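Heads up: the structure comes next, in structure tokens.
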2 protein chains.
Amino acid sequence: MTRKIPDSTVRRLSHYLRSLEGFQEPGGTVSSEELAARGQTTAAQVRKDLSHFGSFGKRGLGYRVDELRAHLRSILGIDRRWRVALVGAGRIGLALFEYPAFRARGYDCVAIFDPDPEKVGTVRAGLVVHDPSGFEDAVRDLGIELVILAVPEGAAQEMAGRAVEAGVKGILNFAPIRLNVPPLVPVEDVNLVMELEALSFAITQAGHEE
Amino acid sequence: MTRKIPDSTVRRLSHYLRSLEGFQEPGGTVSSEELAARGQTTAAQVRKDLSHFGSFGKRGLGYRVDELRAHLRSILGIDRRWRVALVGAGRIGLALFEYPAFRARGYDCVAIFDPDPEKVGTVRAGLVVHDPSGFEDAVRDLGIELVILAVPEGAAQEMAGRAVEAGVKGILNFAPIRLNVPPLVPVEDVNLVMELEALSFAITQAGHEE
DNA sequence: CGCGGCTTGTGAAAAACTTCACGAATGTAG
DNA sequence: CTACATTCGTGAAGTTTTTCACAAGCCGCG
């Protein structure tokens, strides 16, 4: 039933879920048209996206809000909780770890690692900072499945390799390099400079356009 | 020459630029093959991407590193400096503003706004935090062109509207909503929860795959 | 100068993704 | 019960993006 899902579809599924959570009456229904209106897409796209995973709507009626919400959670793999470790206790990493939306969405911050001796032993975001030497043990003992990798560029590949070796299942990578990991371990890259560059490109381009 | 550039192309251009900066001898040359190797793409894709903007290479030789670098900077619109304001002095916004890579890439942080009376007047990331009431004046007086919008969901649309009205040219949006702005003003969305969801989707999916 | 080894730039082919359009369900009203 | 107004699910058509393949250009060497 589910073969190769476009990346863009997954992003939209997240959007749909977020839209559904904005609804007041969870017992109500919503049409593909309404769902498309929030979310900058079309009704056909909404239906096509969902059809990859099953038939969740009722013809003539639409989708039941609470039902679709549950389906989306299950599809996105957040009908459970995930144990997340932060590697790199810099400003950005810590800011993320304290971001309440993460926990609300099913992601539990369980450990922080940083090699800086000044940070090791101190408490950040409610957790003691550990030296990376203990990383592998922690992955096993705490059941860490996801890693937020927010270390300097030079250390990213090494820590990614160790994470994979230790059995981590996915990496959210903030370092501006393409990590070399086995294809079974998904990596999501977040590159904020790149986002700004996309902005200045679009602005500059608007001038050249005709 | 430049019509409709795919979004994915722009992202790759950023990557190419970053790869080029890793080179030691700026007088040397690089082939599309080498550039593709870093960056998770193909040589043909590199050439196609660049061909949208001109012919920068020499057949039989490749691209001159320093030359291509300059071209990419110009294409991405970072052969100049941009004046950026932070709206929302929360943890994430501040962490970004202190991120040294921004300045290094041509983005200058020039002002911070936040309505919290406890923050107004204090110094963060080297700048005094101002109340948003002075936002429009600051845009004009400081020549602010880009806004990093890192406010709570509820305030995002209002501040986006004010930014556009004040003449801001682009918005980097961290709020998890689609901003409603005129199509001439580009918006880049950064949604970290969505990135994590893409990860757990990929992990979960790997199980269902067959 | 002419030849051979490379590597670009680019139409054309292939693949991926989105939009269209319509049959099939579903609920409502008369 | 039938007619009607909706709205989903989905193959087919259309569009966009990627990949392919090859002619054309460049360099070095004899």
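Each chain gets a letter, A, B and so on, in the order the sequences are listed, and its residues count up from 1. Predicted model, so just to flag it, every value in this text is computed and none were measured.
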B:L146 and B:I148: side chain to side chain contact (heavy atoms under 4.5 Å, CB included), yes or no, with the steps? CA-CA 7 Å; B:L146 299 178; B:I148 295 180; over 6 Å; no
Taken to the nearest 0.5 Å, the spacing of B:N173 CG from B:E188 CD works out to 10.0 Å
Is it true that atom CD of A:E153 has more than 12 heavy atoms of other residues, nucleotides or ligands lying nearer than 6.0 Å? yes
Could you tell me whether the phosphate oxygens of D:dT18, OP1 or OP2, come under 4.0 Å of any side-chain nitrogen or oxygen in B:S8? yes
If only side-chain N and O atoms of A:T42 are considered, is one of them under 4.0 Å from the OP1 or OP2 phosphate oxygen of C:dT19? yes
Starting at CZ of B:F56 and ending at C1' of D:dC26, how long is that distance when rounded to a whole Å? 19 Å
For B:V147 and B:F135, run side chain to side chain contact (heavy atoms under 4.5 Å, CB included): C-alpha distance rounded to whole Å, both residues' side-chain angles, the deciding distance at 0.1 Å, then the answer. CA-CA 11 Å; B:V147 159; B:F135 178 67; 3.9 Å; yes
Round to the nearest Å and state the distance from B:H52 atom NE2 to C:dG11 atom C1'. 13 Å
Using atom CZ of A:R11 as one end and atom C1' of C:dC17 as the other, report the distance to the nearest whole Å. 14 Å
Take the protein atom CD of B:E67 and the nucleotide atom P of C:dT8, then report the distance between them rounded to whole Å. 13 Å
Does D:dT7 have its OP1 or OP2 closer than 4.0 Å to a side-chain nitrogen or oxygen of A:S31? no
Select from A:L61 and A:D7 the residue whose nearest nucleotide in DNA chain C is closer to the 5' end of that strand. A:D7
Using only side-chain N and O atoms of A:Y63, determine if any of them is under 4.0 Å from OP1 or OP2 of D:dG9. yes
Which whole-number value in Å describes the distance from A:Y16 OH to D:dC8 P? 12 Å
Using heavy-atom distances to pick each residue's nearest nucleotide on DNA chain D, tell me which of A:K48 and A:K58 is more 5'. A:K58
Using whole Å, what does the distance between atom P of nucleotide C:dT19 and atom CG of A:L50 come to? 15 Å
Check whether B:T9 reaches the backbone of B:D49 with its side chain - one donor and one acceptor, N or O, closer than 3.5 Å. no
Once you round it to whole Å, what is the distance between C1' of D:dT6 and CD of A:E34? 12 Å
B:R12 CZ to D:dT19 C1': how many Å, rounded? 12 Å
Can you find a side chain N or O atom of B:R59 that sits less than 4.0 Å from OP1 or OP2 on D:dA23? no
Is B:Q45 close enough to D:dT19 that one of its side-chain N or O atoms is under 4.0 Å from OP1 or OP2 there? yes
B:R47 side chain N/O closer than 4.0 Å to the phosphate oxygens (OP1, OP2) of C:dG9? no
Taking for A:P6 and for B:E33 the nucleotide of DNA chain C with the nearest heavy atom, the one nearer the 5' end belongs to B:E33
